[in-house]
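Take a look at the structure set out below.
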2 protein chains.
Amino acid sequence: MASVYSGSGDPRRSIELLWGVQERPRRGPKPRLDVEGIVAKAIAVADAEGLAAVSMRRIAGELGVTAMSLYGYVPGKAELVDVMVDRVYGELTEPETEPPGWRAALEAVARRSWDLYLRHPWLLQVAASRPLLGPNFIAKYDQELRAVAGTGLSPIEMELVVTLVGNYVHGAVRGAIEAAEAEQRTGLTDDAWWERYAPLLEKVFDADRYPTAAVVGPVAGEEMGAGDPARAFEFGLERLLDGVEVLVRRRQDGETA
Amino acid sequence: MASVYSGSGDPRRSIELLWGVQERPRRGPKPRLDVEGIVAKAIAVADAEGLAAVSMRRIAGELGVTAMSLYGYVPGKAELVDVMVDRVYGELTEPETEPPGWRAALEAVARRSWDLYLRHPWLLQVAASRPLLGPNFIAKYDQELRAVAGTGLSPIEMELVVTLVGNYVHGAVRGAIEAAEAEQRTGLTDDAWWERYAPLLEKVFDADRYPTAAVVGPVAGEEMGAGDPARAFEFGLERLLDGVEVLVRRRQDGETA
DNA sequence: TTGCACTCTCTACACCGTAGAGATATCATC
DNA sequence: GATGATATCTCTACGGTGTAGAGAGTGCAA
């Protein structure tokens, strides 16, 4: 099954939904639902059971209506997911004191993003067709840019740094989320899984064919099991910030882009 | 719809499939198909139309059988996807001369991975429950580790650097793939989409609320449109390599982890 | 030659998103 | 207050998904 695609559909309708600026009809029966309620229920189901559990039938059932009713509020499932995504981005920009200095601020951006994915793992499964320019997305973007404002980086470079951090966190958090979900879905811890898998692999694995992996793999496995995504995230974030620091230093030494 | 989960199911059966070591039955009709043929067809369909097009009915139809026949060869769709993933990883480790020096070698690793995703965009939609320890995955891992062998990094650090690069590329290539797919699916170029979207956004957007975004956004948009994923990838890769270089220098100066 | 294991088709089930018809509720207008 | 227009909701249906299990046919081992 493919990812849920967001950012599709009629732009006018999408903007209305994202920004909550739709005109309310005057005639007809009083609506029993509203967009915010539908979205909140969808987020709750997704958080608890993953995006696969968010079917129109499921959400409608949870709200005491039938599936087709939802289409009076959102044009389709993709648009529902759009709004879900923008709503959870709102958690990133709650009033919070920014740490001093670009490096600590950028680190905080990365950590908040990482934490957001951990709270809402389904975010990983949403493929964006086009940027979702909802209020919280833009607020998030604004906050991220502010982390690197005043560094001497050009606007383009600021944009690119923010994109770099976002891309990295998205890539890195997969490991953490997938490991947690694998355990939940199969009921097997990493260790239990490895106990079943390792003897089978040993029958087919030829160390001569993979000499470096044969050395590093067991060492890494001993210390990190099937992976230690949080440690990998920390390590990678440090490297990434070091790399940005090289560039920031260059800019502050007067070298322009 | 959720991502396709790989790395699930019976470990014995998975290993047999991945490594091609299954015993062939002796009795019964001659099989009309084989795993390699099914996988190749599935990859071809996924490459052309995305992973959503890879239904058991579709693949069976393309092979001239009915859907349930496929279950004699693979236990389920997830396992089919497992094998698909490992097979395309084989493209990463075709005989190729490695550039000299860890930095160039690591850059080549990243580029090859980026290119692989571009050739097989459906890889983005595969969520790994557990590491898929197939022959090509391990070969890929071995090759990646070799890129940073001899740098003075510990085995754990080597593992972490390789993970960092993999995570970054996975996060970064999303932009490129999603942009291409959005255009294909909607028939709208970025420019055409923006022409429809911008006037609507302008009605709801308040520059005072997003001061930094209001400055950087238009500059970035002018130069990069809705995004320039390739440029972001290049920029981010440079930063990342700079960051790893800081660490490598530290190790070569005698500072241990 | 017979029995067993195997391959394949068919049918079915439970699930999915969503179109459209019809019943009902509520408001705007006269 | 009555009527018509608009809106909400339910129901039914369609085309799609992965996969279970029964039955028919194939080919090898004993």
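Here the structure is a predicted model, which is why all the values come from computation and not from measurement. Convention: sequence-line order gives letters A, B, ...; per-chain numbering from 1.
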Starting at [atom1] of [X] and ending at [atom2] of [N], how long is that distance when rounded to a whole Å?
X	N	atom1	atom2	value
B:Glu49	D:dG16	CD	C1'	15 Å
B:Met68	D:dA22	CE	P	12 Å
B:Glu79	D:dT19	CD	P	8 Å
B:Arg24	C:dC6	CZ	P	12 Å
A:Arg57	D:dA13	CZ	P	13 Å
A:Arg32	C:dT24	CZ	P	14 Å
B:Ile59	D:dT17	CD1	C1'	13 Å
B:Lys30	C:dA5	NZ	P	18 Å

Residue closer to the 5' end of DNA chain D, B:Ser55 versus B:Gly28 (nearest nucleotide): B:Ser55
Consider the side chain of [X], meaning its heavy atoms from C-beta on, and name the nucleotide among [options] that approaches it most closely.
X	options	result
B:Arg27	C:dT7, D:dA29, D:dA7	D:dA29
B:Ser69	C:dA19, C:dT9, D:dT19	C:dT9
B:Met56	C:dT18, D:dT19, D:dT8	D:dT19
B:Thr66	D:dA5, C:dA5, C:dT9	C:dT9

A:Tyr210/A:Phe205 aromatic ring centres below 6.0 Å: yes
B:Tyr73 and B:Glu36: side chain donor to acceptor below 3.5 Å: no
Which atom of B:Gly64 lies closest to which atom of B:Arg32, heavy atoms considered: O-NH1, 4.0 Å
Heavy-atom pair of closest approach, residues B:Leu164 and A:Gly236: CD1-CA, 3.6 Å
No-H, no-angle donor-acceptor pair, B:Arg26 side chain to D:dC28 base, under 3.5 Å: no
Which residue lies more 5' along DNA chain C, comparing B:Tyr73 with A:Tyr71 via nearest heavy atoms: B:Tyr73
Residue closer to the 5' end of DNA chain C, B:Pro25 versus B:Val65 (nearest nucleotide): B:Pro25
CD on B:Glu16 to CG on A:Leu200, rounded to 0.5 Å: 8.5 Å
